[in-house]
Structure formats: structure tokens, C-alpha cells
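Comments concern the structure below.
For ligands, and for the atoms within them, numbers begin at 1 and follow the listed sequence. Values reported hereafter were calculated over all heavy atoms of this structure, with side chains retained and with hydrogens, waters and symmetry mates removed.
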Amino acid sequence: MDILKVLSRGTKKSAKSSLSGGSAVGKLPSSGTKTNPQLYHDEIRGHKRKRDVEEPENKIPEVLPEVDFFAPKDVAESKPAKAESKKSKRAASPVVEAAKLLSADECRQLLRSHRLKVTLLYKREEQHKAKKSKKKKAVVEVKKDKKPQLAPQPLESFGQLRSTYNLSRRVAENLSYQGYKIPTEVQMGSMPLLIRPDVALSEEQGLENGVDLLAVAPTGSGKTISFLVPTINNIMRRRAQDKLHGIHELEAIVIVPTRELAYQIVNVGNQLVKGTGLKVVGMRKGMILAAESQDIGEDSSDEEEEKAEESDEEDEEDEEEEEKDAKPKVVSKVDILITTPLLLLNFLTSGSANTQKVLPTVRNLILDEADVLLDPLFREQTLGIWTACSNPDLGLSFWSATMGSNIETLVTERLASRAESLSIPQRPLVRLVVGLKDTAVPNIVHRLIYTASEQGKLLALRQLLRPTSSIDSGPPLRPPFLVFTQTIDRATALQEELKYDIPLEAGGSSRIAALHSGLPDAARAAIMRKFRAGEIWVLITTDVLARGVDFAGVNGVLNYDVPGSSAAYVHRAGRTGRAGREGGIAVTFYTKEDIPFVKTVANVIAESEKQAGKTGDEAGVQKWLLDALPNVGKEDRKKLKERGVESRRSGNKAMITSKSGYERRKEHNRKGAIEGSKKRKLEVDDANDGAKGKGDGEWGGFDD
Ligand SMILES: Nc1ncnc2c1ncn2[C@@H]1O[C@H](COP(=O)(O)OP(=O)(O)OP(=O)(O)O)[C@@H](O)[C@H]1O
């Protein structure tokens, strides 16, 4: 099998092949950068666009430089900086163009052409009603049944961030250094709103002081930048206004569901805060933050605060130092904290039982992958942190590619009850949605493959690993790719099964790895590093990597086991085809056991293809199949989401093996026969020994 040749393509890309457009390889998402990361730009009917969407700071070449997708994110991004001279190290400041605002009609047209829908979910209005000579104030809430559409100024180019929204020069430079050409849809819609609501929503009254935001946008569409840039800029602006220079204070928290995602966001944050003096820190176990205690009794957090102040004065805290020293320390140099819910909650609830730590300095709370953070699995932990952020000016934003209406309701209710309990006016709540439906991944190829048995899946996967394989007429599934399984055991077992499929001369078993939550932190980090560096080509995992993790070079995703929900499918599949790149493929295997549940996946595929305008033979799921598959009942959906397909949780069927049931039975019988014969032989020997007077009854049976 010439797998070496195939797998080598992942790392040894010639400039020619990686830029060529025609071949299958040329179409792989890892074969080049995408200059336009936008998914939608429908024609504006009846109107000619007045403004050109081209980036004014067109200093970036038309064809972006070759990027090593596999290089670790931080290294890849910092490498060129080292090579350049100090003077030219920073990207040139984006050209500042004169601030021009679009008319409300133009905004609406442009937003619609990018399938961006912005809705006001809640607003407290004060109306002045003239009653004879007296003016009476009345509070009117936006009625649930008539939520108005908003038309905020869309961000057409990153240059506008400086000219129109007065973004800090440093942050603009750092952003420009990332080499992005044009904003994605979610950046287009959300950044103006979050950076300068007074400008973006100048037509709307009562929103100028900022809004809370629910943002729903496809996987890989640049949501991280969308919340980090405004957060950094807002901290800098506040400090500049208050003339607070050179201080560190925890002002923003980003909550994410996994450690991998937290590290990734810390890396992106560090790129964006270069030269600003701000610190982006990832929460670690045992880390102590400068927090206040609600009950000033005999609580240890007083001590912690004192310690925090002392260490602030000493000014000796440094992230690198902390890495070296595993002992818990008060981390006073942190402006933006990235954390998983439990790590921060553990800190907030540690210490004396009758005290609760609060974080009154936090002005921005960001929930990335908000639907999962507010799912029963993490809900209590997330809400615990939310409650601890006691600043009355707290701004909240919620981000995900999928957001059920239950999440929207929960957020709305929580915001209302928070305002009531703190006796403060509730901030307006705005929802921003990119695309027609959140259950879609429109820019990749989807395939559903039926195999008669569990063993058939393994054979099919082996088949896909072959150099000549392709799925229907679609693009081939080429390494590097991610394989999703239902449980940790299955991930490990699949790795065991596949590790000898990669020839030694191609790196052998070191090219394949399994990453799951059962591994220690260091092992997880090492696997991530190797996968990013292109040393691991097939990464088998569980849903722990389904959310948020950004591997620009991943060609495909294979759902070895059917995902537990439509949202899980969207997020798993969304690990490929990121930043608008086309050519990514998501393959989903299903067996007889999955048939009652597979319609959830088929529906997402159908919706994705509808949004991408694919029909007929191009479609990965044909109409006859959609019609034939049974609808998934509410109970089944719930069960599947919570537990996955039952038969894969335990017992023989949960095993992954290339041997058929018949072969396994035969092997079992053969083993039994050998053991039986050994036992008989030993019994005879024993009897003989006894006869010789040596038997002392020490024999303890056969080993397994
Ligand atoms: N304007 C842009 N142009 C090109 N690439 C971009 C742009 N903005 C972000 N990216 C790149 O897109 C990739 C995906 O971004 P990000 O991880 O923020 O996506 P996301 O929307 O958070 O995805 P997910 O829903 O999976 O978490 C990153 O590699 C990022 O560097």
C-alpha cells in the first residue's frame, strides 16, 4: 500500500501543488489559504453597491504567502516576526480612511446580502407621554412577538475599525499582522456593535451604552477575533479615559468548555495584546486571583487579597515564572482570563464555607460555545461564575455555531433576574445570526456511509486510508484528519486497531494518536502540539475536540460513531473547512443500530447543502434516504444526546476489532482448547511429582 506517498502529501507540499486549483489535492483545505473567508455574499437586488468592499489597506498581496498549517499556532505566527528586523517587525498601521456611515437602507441591504440578521430581543424604553401639562414616564419592553430587526453599520473592511470605530492603533496593527483580508460575516456584524455601539447603532435610541449579545455564526467563521478585539479595545479605552496606565486588573473573563480551547484562545489573545501592556492568562488549577469576598468574616480570601496587593507592589508575577513554579500563587497580572467553568468556580468557592468570592472588577463576561456552557452539564458552574461577576456594568456576550431557543430563553430570564436582584436597569439584548439556520455547515462536503456491522466500519475506514480511495465522486478523505468516536474506550481501541496500518517508513504508529479527557494534561497538550505540527496524521478523539478547536490544516472529519445530536454533528464537522476554506469533507458511518437516530445528521446535511445551493447528485444525502429514515422521537433524541448509542457503551459490541464474531469465537475456542490441554498436562505432571514425593500443592492455576 502506498500510504507513505499519500500521507507525505500532508507535510511535504510543493508550492506548486499547494496553490494549484484543479486537482483533488489542490482542493483540499490544507492545500492553501482562503483569501475570502466569507461564506455568503448574495447579490443585492436592484441596487448597485455604492462602496467597494475591497480592503483599503491592500498592502497584503493578492495571494497570501504559503502558510504552514501544521505549525503550532503561536510558533507559526511569531516566526516571521523573529526573522524581520525590529523596525519592520510590526505590520504597518492600517490606512485610516475617512469615516463614512452607510444609510439605514444600505446597511439593511448589505447585511441581508451576507445573510446577517440582527434582532433586538430586549430593550427597556422610556417614553414621554404628554398628559395635559404633565410628562409621564412609562417603561415599555419590547414585546416577545414583535422583535424588531436592527441594521447596525456593517464592518466592510478592517481599516474601518480605526477610522470609524476608533480602534486602538496597537490592536489594529496586531490584527493587521494576522494577515486577514476582509472581515467574516460575524466580524462584520458584531465588531462595530461591541466596539462602538453609539456609532454602529446611531439610528437606534437607547442602545448607545452597549448591548448584551447572542451571536450565532458558523464554525470556523472567526468568532474568537470578534469577541477578543472589542474586549481588548474596551479595556484600553476605559483605562485611557480614567488615566490608569500600567495597571493590571481582571476586567474580562472568557469561559470555554475545554482546556484545548482555552489554550488556543490564550494564544490568539496574546497575539492581539502585543505591545498594549495587557495580559491574557489561562486559568490553571490552584491559581489564586485577586477576588473580593462577600462575607468579610474569618475568611482566608482577605489574606489572599493582601497577598495580591503585596505581589502587585513587588511586581514580580510573570506567567513564565508561574509555569516553572507549580505552587499556587496569587496572579495579579491578569486583565483577561480564559478558563473552563470548573477551574474558576473551584477558586471562587474555595476557602471558608460561609464565604463566596466575587469578581467586581470584571466588566466583560464572554461565553464561547455558550450552548454547551449553559447545557445541564456545565450550567451550574457557568451560572456560578456569572453570579460572581457582580459589577453593575457587566456586559455579556454568548457565542456559538448552534444555539437552541432554550438557551435564548435561559439567557433572557437570567439577565432579567440579575438586573432585578442588583436593582439596576437591564442592558438591551441583541441577537445576531449568520446564515439561515444554525444547523448547517455549508462549505464542506458531507457523506453518510452505511455499513452492515461495526466491523464493516473498520474495514471501510481502512479502505478510506488507501491512496486510491475516494468517496463517490467527491474529494478523498486525506490525512490529516480527525476521527470522532463515542467513548474513551472506543477511541483507545480504534487507535490500537489502526496503528499498524501506517507503514514504518512513514512513521508507523507514531502517526496515529488518541486524545481524550482520560489523559493527563501534559499528554493532551503534547498530542495537540504534534497534530498541529503535522507529526500526527490521524487523530482519534471523542467530543472533547468537537468544539472550537482550530486546526487550519485538517482535511476531513470522520464520524466513526454517529454524533449524539445535530449540534454535535455541526461542531464535529466544523473542524474542517474553516475560515471559508472549501474542500473539507465530513464522513459519517452508520450501522443498523444507528438507523433510529441518523435522521438528525441527515437533516443537518440536507440543510447545509441547501444553503450551499447543492442539489441532485452533488448532494451527500439523497431525498429518498431522507424520506426513508425514521424521524427521531423526543425521548430517543434525549437519550442519544446524554448517552450516545447504547450498544457502544459496554459489552462486546462496544469493542472495536477487525475480527468478525465468527473469528473471535473461533479464537476463543482455540484459546480454551490450548488452556485445557495445558491444564491437563500440568495435572499429569503434578500427579507425577506427587508420586515422586515433590508435590506441595503450590500450583495456583493458569495465568490469563
Ligand atoms: N477575517 C478573517 N479572514 C481569514 N481568516 C480568519 C478571519 N478571522 C478569523 N480567521 C481564521 O479563521 C479560523 C477560525 O476562527 P475561529 O477559531 O475564531 O472560528 P470560530 O468561529 O470560533 O469557530 P468554532 O465555532 O469552531 O469555534 C482561525 O484560524 C482564524 O485565524
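- The closest approach between any non-hydrogen atom of Gly574 and ligand 1 is not below 4.0 Å.
- Between Arg524 and Glu260 there is a salt bridge, since a side-chain N of the basic residue sits under 4.0 Å from a carboxylate O of the acidic one.
- Applying the 4.0 Å criterion to heavy atoms of Lys223 picks out, from ligand 1, the atoms 18 (O), 19 (O), 20 (P), 21 (O), 22 (O), 23 (O), 24 (P), 25 (O).
- Near Pro218, meaning under 4.0 Å from any of its heavy atoms, are these atoms of ligand 1: 21 (O).
- Applying the 4.0 Å criterion to heavy atoms of Arg575 picks out, from ligand 1, the atoms 26 (O).
- Side-chain N/O atoms of Gln187 and Thr184 include a donor and acceptor closer than 3.5 Å.
- Atoms of ligand 1 found under 4.0 Å from any heavy atom of Glu369, numbered from 1 in the order shown, are 27 (O).
- Below 30°, between 30° and 60°, or above 60°: for Phe589 and Tyr560 the angle between ring planes is above 60°, a perpendicular geometry.
- In terms of polar-atom proximity, Thr224 is counted as a contact of ligand 1, with an N or O under 3.5 Å from an N or O of the ligand.
- Between His446 and Tyr569, the ring planes lie tilted relative to each other; the angle falls in the 30° to 60° range.
- The two residues Ile444 and Gly577 come nearest to each other via the heavy atoms CG2-CA, 3.7 Å.
- Close N/O approach between His571 and ligand 1 is not found [any backbone or side-chain N/O within under 3.5 Å].
- Under a 4.0 Å criterion applied to the non-hydrogen atoms of Phe158, ligand 1 contributes the atoms 1 (N).
- Salt bridge annotation for Asp375-Lys641: present, with a cationic side-chain nitrogen under 4.0 angstrom from a carboxylate oxygen.
- For the ligand labelled ligand 1, residue Trp399 lies outside the 4.0 Å heavy-atom shell.
- Taking a 4.0 Å cut-off on heavy atoms, Ala552 fails to register as neighbouring ligand 1.
- A donor and an acceptor atom, one from each side chain of Asp371 and Thr402, are located under 3.5 Å apart.
- Residue-to-ligand polar distances place Ile182 within reach of ligand 1: an N/O pair is separated by less than 3.5 Å.
- Considering both main-chain and side-chain atoms, Pro183 never comes within under 3.5 Å of ligand 1 through any nitrogen or oxygen pair.
- Distances between N or O atoms of Pro37 and those of ligand 1 include no value under 3.5 Å.
- Within ligand 1, counting atoms from 1 as listed, the ones closer than 4.0 Å to a heavy atom of Ser221 are 19 (O), 20 (P), 21 (O).
- Considering backbone and side-chain atoms together, Thr219 places no N or O closer than 3.5 Å to any N or O of ligand 1.
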Handout entry: Intermediate values then yes/no, side chain to side chain donor-acceptor pair (under 3.5 Å), Arg581 and Asn443
Key = CA-CA 7 Å; Arg581 288 189 190 94; Asn443 55 323; over 6 Å; no

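- Counted by atom type alone, Tyr165 and Gln153 present zero donor-acceptor pairs between their side chains at under 3.5 Å.
- Ring pair Trp386/Phe378: centre-to-centre distance not below 6.0 Å.
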